[in-house]
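Residue indices begin at 1 and follow the sequence shown.
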Amino acid sequence: MPLRNFRRSALNSIALALFALSGEVVAQCGIDGPHETASGRVFLDNNGDGQYQRVETGIADVAVSNGCEVVITDDDGYYEIALAATEILFVSKPASYRLPVDTDMLPQFFYRHYPTGTPDVVAGTSVQWLFPVVEPTGLLPETIDFPLLPLDASDEFTAHGFADTQARFELSQDMLREDLINPLIGNPHNVDFGLTVGDVANDNLSIYPRHKAMMGLMGMPQWYVPGNHDVNFASPDARHANETYKRYFGPTYYSFNHGKVHFIVLNNVEYAGANREFADGRYRGFIPPGQLHWLKNDLAHVDSEKLLVIATHIPLLAEASDGSSPVANGPNTENFRELLRILEPFDNLYGLAGHDTSNSWKVEINHSHGWNGTPWIAHTLAEVRGNGWTRGPADLRGVRDAMMEDGNPNGYYVLRFNDTNLVPEFIPFPFGPDAGKRLRITLDPLLLAPVDTAINRGYLRPGTQVVVNLFDGGVRDRVWMSIDGQPRQPMRYSVRTDPYVERLHARYENSDDAFGSARRSAHIWEAPLPAGLNPGLHHIVVTTEDEFGQHQRGAFTFELLEDQVPSD
C-alpha cells in the first residue's frame, strides 16, 4: 500500500475508533445503539451502470459521512466509517464530477441504512405515522459504492433557487406546475441544477412523488432542503420528524461542491414533537448540535478560499432597517452565532433561505452580528408560492395571484456564479399583472378619479408620493426617478407597507380571492410628486442599480385633468 494510502487508512481507522468510544460525540449526533462498519469505494463509473468494476478507477479525496463524522477516500477511492441503524451514508460531490440521478432528477449520493425501516415505537411511544416512512433496507451490504460521472467543470455556472413550492392539495400542485414547471421545461436559463430551500410540500406529504416527477421535467438535477411544512407531525421528537422526507429525498443535511462553491444544506427546523411545543410554537429555527458537529468535520476538508453557500429553510437572520426604530424583524435561527464561530475561517459566504411568506430580505452579516470577517449576505428568497396558492384572484388559467404581503410577486431565481461571486436574479412568473416586470410604480394616494372606471387619471391630491417596489431589493440598492424627461433624482429608501398591497387587500377582503394584509417591506423607495404639475399626460421613468450591479428600468404614466377638485 502506498504511504499516503496507509496514512489515510490509519487516520480513518482512528476516526472510527474515536467515534465508537466517544459518548459525547454519540450524544451530540443523536445516535444510539450498536454501530457497524460501512465500507466501499467512490469510483468513476466508466460504463454508467452504477456498479463498481475492478477495472474502474477509484476517486481519492472524496468526503464520505454518516451525518456526524467525515472520512476521506484514499488513493483507490476506498473508505470505512461507522454506521448505525437509521443513519444515512452520503458523499460530498467533488466539483469536477457529477452524480447519477434517478428518473425524477434526484442526485444519487446517499444510502439509507434502515435494516428494519423507520421504527413504529420511538422512545417507548407507539407511533402511527401520518405518511409513508422509510422501508426496511435489510442487513448492511458488504460494500456501499458511490458512482461518479465526469463533468466538464467550470468556475462560472448558473443554478436555480426555489423557495417554498409548498402545495397542499392537487389543485395547488396544478398551479405550481403551470407557474413554475411549464416555463422551465427545456432548461431555458441553462442552469446546472435547481435547489429548493424547504417547504417542498405544505403538510400534506403524500404529494411528494408527484412533486418530484413534476420538478424532474425541467431536465436538471434537483437538490432539496426540508422545511417546517415537510415534517411528519406524528413524530414524538425532533429526531424522527423527517422520516417521510428521508424516504423520498434522502438526508436532511449534506454538502456538495460545484465550481469554486461548497454548498452546505442544513436542517434548521427543530420540531418540538407531537403534543409538545416550544415557547413560540411547534417548531423553532435552530441547528442541532449534531449538525454543527458534522459541519465542523465537513469544513475541515474544504479550501478556505471557496465560496460557502449555506442553504437553510428558516432564515439565518432576517430583518429590514432604514436606520429608524423600530425595525421590521423576520424569522431567525436562534443559535446563529454558534454557526458563525464555525464559519470563521472562511471569507466568502452567502446564505439562502425561504420560509417567510410575507417578506424577502437581504441582510448584510457584519460586526453588528458578531461577525468580524468579510461581510456577507443572508438572503431570504421571495417564494415560488408567494403568500399561498389560495391567495388572490385566479387568472384565466385558474392560477391565483399569490403576491407576497410585502408586494413582491411570486417567482424564482437564477443564481449566477463566477469564481467565488454570486449574483442572484429574481424572476417573476411570466403571467399575471407583474409578468416581465422587476419593479412596480404606484402613486400614494391615488389620483382622485372623476369616475370609478378611471385608471391613474384624475386630480392630484396633496402630499402625493411616487412609491417604487423594487422586487427582492434591499437597503444597499439605489433607485432614481425622472419625471417628464427631466434629470433623474434619487429616491428615498423606506421600510413601509406597499400601498398597492393595501389597496388590493381592501378590495378583496372577506372574499374567496382575499390577499394577505400588507406587511412592512424591505424594498420600497419613495419620492414626492412635484406640486404644480400642469394638466395633461405625465410619465415617470425609474432606473435602479442593486448591490450586485444589476440594473432595472420601469415606466409609469398618469393623466391630470383640467377641472379643479370639487370642494367639499
* Donor-acceptor pair, Asp230 side chain versus Ala201 backbone, under 3.5 Å? -> yes
* Contact check, side chains of Leu381 and Leu352, non-hydrogen atoms, under 4.5 Å -> yes
* Rounded to the nearest 0.5 Å, how far does CG of Asn366 lie from OG1 of Thr374? -> 11.5 Å
* Shortest non-hydrogen separation from Met404 to Ser360 and the atoms involved -> CE-N, 4.0 Å
* Asked: If you measure from CE on Met105 to CE on Met218, what distance do you get to the nearest 0.5 Å?
  -> 11.0 Å
* Asked: How far does CG of Leu470 sit from OH of Tyr493, to the nearest 0.5 angstrom?
  -> 10.5 Å
* Asked: Are Arg282 and Tyr271 in a cation-pi setup, meaning NZ or CZ lies under 6.0 angstrom from the ring centre and within 45 degrees of the ring axis?
  -> no
* Scan side-chain atoms only and decide if His313 and Asp199 contain a donor-acceptor pair under the 3.5 Å cut-off. => yes
* **Minimal non-hydrogen separation, Val261 against Asp419, with atom names** => CG2-O, 4.2 Å
* Donor-acceptor pair, side chain of Asn257 and main chain of Lys260, under 3.5 angstrom -> no
* Might you work through the ring pair (Phe, Tyr, Trp, His ring centres under 6.0 Å) test for Phe193 and His160, ending with a clear yes or no? => CA-CA 6 Å; Phe193 57 86; His160 274 316; 9.6 Å; no
* Asked: Taking the six-membered ring of Tyr78 as reference, does the NZ or CZ atom of Arg41 fall below 6.0 Å from its centre and within a 45° cone about the axis?
  -> no
* Are Ile365 and Phe336 side-chain neighbours, meaning at least one heavy-atom pair lies under 4.5 Å? -> yes
* Say whether, by atom type as modelled, one donor and one acceptor occur between the side chain of Asp179 and the main chain of Leu176 under 3.5 angstrom. => no
* Asked: Can you list the steps and then say if Ser65 with Trp294 is a side-chain hydrogen bond (donor to acceptor under 3.5 Å, both in side chains)?
  -> CA-CA 8 Å; Ser65 179; Trp294 163 79; 3.3 Å; yes
* Asked: Would a distance-only check, ignoring hydrogens and angles, find a side-chain to backbone donor-acceptor pair under 3.5 Å from Gln291 to Asn267?
  -> yes
* Tyr350 and Phe548 aromatic ring geometry - parallel, tilted or perpendicular at 30°/60° bounds -> tilted
* To do: Please check if any side-chain donor atom of Thr244 sits under 3.5 Å from a side-chain acceptor atom of Asn232, or the reverse.
  => yes
* Asked: Under 6.0 Å from the six-membered ring centre of Phe109 and within 45° of its axis: does the NZ or CZ of Lys93 meet both?
  -> no
* Nearest atoms (heavy-atom pairs only) where Ala318 meets Pro331 -> CB-O, 3.6 Å
* To do: Establish, yes or no, whether the cationic atom of Arg284 lies under 6.0 Å from the six-membered ring centre of Phe286 and within 45° of the ring axis.
  => yes
* **Pairwise side-chain contact, Pro209 with Tyr248, heavy-atom cut-off 4.5 Å (strictly under)** => yes
* Give a yes or no on this: more than 12 heavy atoms of other residues, nucleotides or ligands lie within 6.0 Å of atom CG of Asp102. => yes
* Asked: Are any of the side-chain heavy atoms of Ile144 and Leu89 separated by less than 4.5 Å?
  -> yes
* Enclosure of Arg210 CZ (heavy-atom neighbours >12, cutoff 6.0 Å) -> yes
* Can Ser92 and Ser255 be said to form a side-chain hydrogen bond (donor to acceptor under 3.5 Å, both in side chains), step by step? -> CA-CA 5 Å; Ser92 183; Ser255 66; 2.8 Å; yes
* **Close side-chain approach of Pro251 and Lys246, heavy atoms under 4.5 Å** => no
* To do: Without swapping roles, check the side chain of Thr73 against the backbone of Ile59 for a donor-acceptor pair under 3.5 Å.
  => yes
* Asked: Could you walk me through whether Val302 and Ser304 pass the side-chain contact (heavy atoms from CB on, under 4.5 Å) check?
  -> CA-CA 6 Å; Val302 177; Ser304 62; over 6 Å; no
* To do: Begin from the C-alpha positions of Phe110 and Phe90 and carry the test ring pair (Phe, Tyr, Trp, His ring centres under 6.0 Å) through to its verdict.
  => CA-CA 4 Å; Phe110 58 88; Phe90 58 89; 8.8 Å; no
* Show your working on side-chain hydrogen bond (donor to acceptor under 3.5 Å, both in side chains) between Glu87 and Tyr111 and close with a plain yes or no. => CA-CA 9 Å; Glu87 286 187 320; Tyr111 172 80; over 6 Å; no
* Any chance you could lay out the side-chain contact (heavy atoms from CB on, under 4.5 Å) test for Phe162 and Arg385, step after step, and finish with the verdict? => CA-CA 10 Å; Phe162 307 126; Arg385 52 86 81 177; over 6 Å; no
* **Distance-only donor-acceptor check, side chains Glu364 and His369, under 3.5 Å** => no
* **Residue among Asn348, Asp298, Asp303 satisfying side chain to side chain donor-acceptor pair (under 3.5 Å) with His262** => Asp298
* Asked: Does the pair His258 and Phe263 meet the rule for a ring pair (Phe, Tyr, Trp, His ring centres under 6.0 Å), with working shown?
  -> CA-CA 8 Å; His258 206 87; Phe263 290 86; 7.2 Å; no
* To do: Take Val42 and Val64 through the test side-chain contact (heavy atoms from CB on, under 4.5 Å) and record every step on the way to the result.
  => CA-CA 9 Å; Val42 180; Val64 182; 4.2 Å; yes
* To do: Check whether any side-chain N or O of Asn228 sits under 3.5 Å from a backbone N or O of Val269 as a donor-acceptor pair, and report yes or no.
  => no
* Would you say Asn421's side chain and Phe417's backbone share a donor-acceptor pair under 3.5 angstrom? -> no
* To do: For the pair Arg168 and Asp203, find out whether any cationic side-chain nitrogen is under 4.0 Å from an anionic carboxylate oxygen.
  => yes
* Structure fact -> So CG of Leu316 and CG of Asn268: to nearest 0.5 Å the spacing works out to 6.5 Å
* Asked: Between CZ of Phe249 and CD1 of Ile88, what distance do you get to the nearest 0.5 Å?
  -> 12.5 Å
* So, the side chain of Thr196 versus the backbone of Val200: is there a donor-acceptor pair under 3.5 Å, distance only? -> no
* To do: Report the C-alpha separation of Asn204 and His229 in whole Å, then their side-chain angles, then the decisive distance to 0.1 Å, and conclude whether the side-chain hydrogen bond (donor to acceptor under 3.5 Å, both in side chains) test is met.
  => CA-CA 8 Å; Asn204 178 13; His229 288 288; over 6 Å; no
* Structure fact -> d(Leu266 CG, Ile314 CD1) to nearest 0.5 Å is 12.0 Å
* **Heavy-atom side-chain contact between Leu292 and Ile342 under 4.5 Å** => yes
* Residue pair Glu243 / Tyr114, side-chain donor-acceptor N/O under 3.5 Å -> yes
* List the steps and the verdict of side-chain contact (heavy atoms from CB on, under 4.5 Å) for Asn359 and Thr380. => CA-CA 8 Å; Asn359 277 281; Thr380 303; over 6 Å; no
* **Side-chain donor/acceptor of Trp129 to backbone N/O of Pro119, under 3.5 Å** => yes
* Non-hydrogen atoms of Ser368 and Arg337 that approach each other most closely -> O-NH2, 3.9 Å
* Closest contact, heavy atoms only, Arg239 versus Ala85 -> NH2-O, 4.5 Å
* What is the minimum heavy-atom distance between Asp472 and Asn408, and which atoms define it? -> N-OD1, 2.7 Å
* Are the side chain of Asp104 and the backbone N or O of Leu106 linked by a donor-acceptor pair below 3.5 Å? -> no
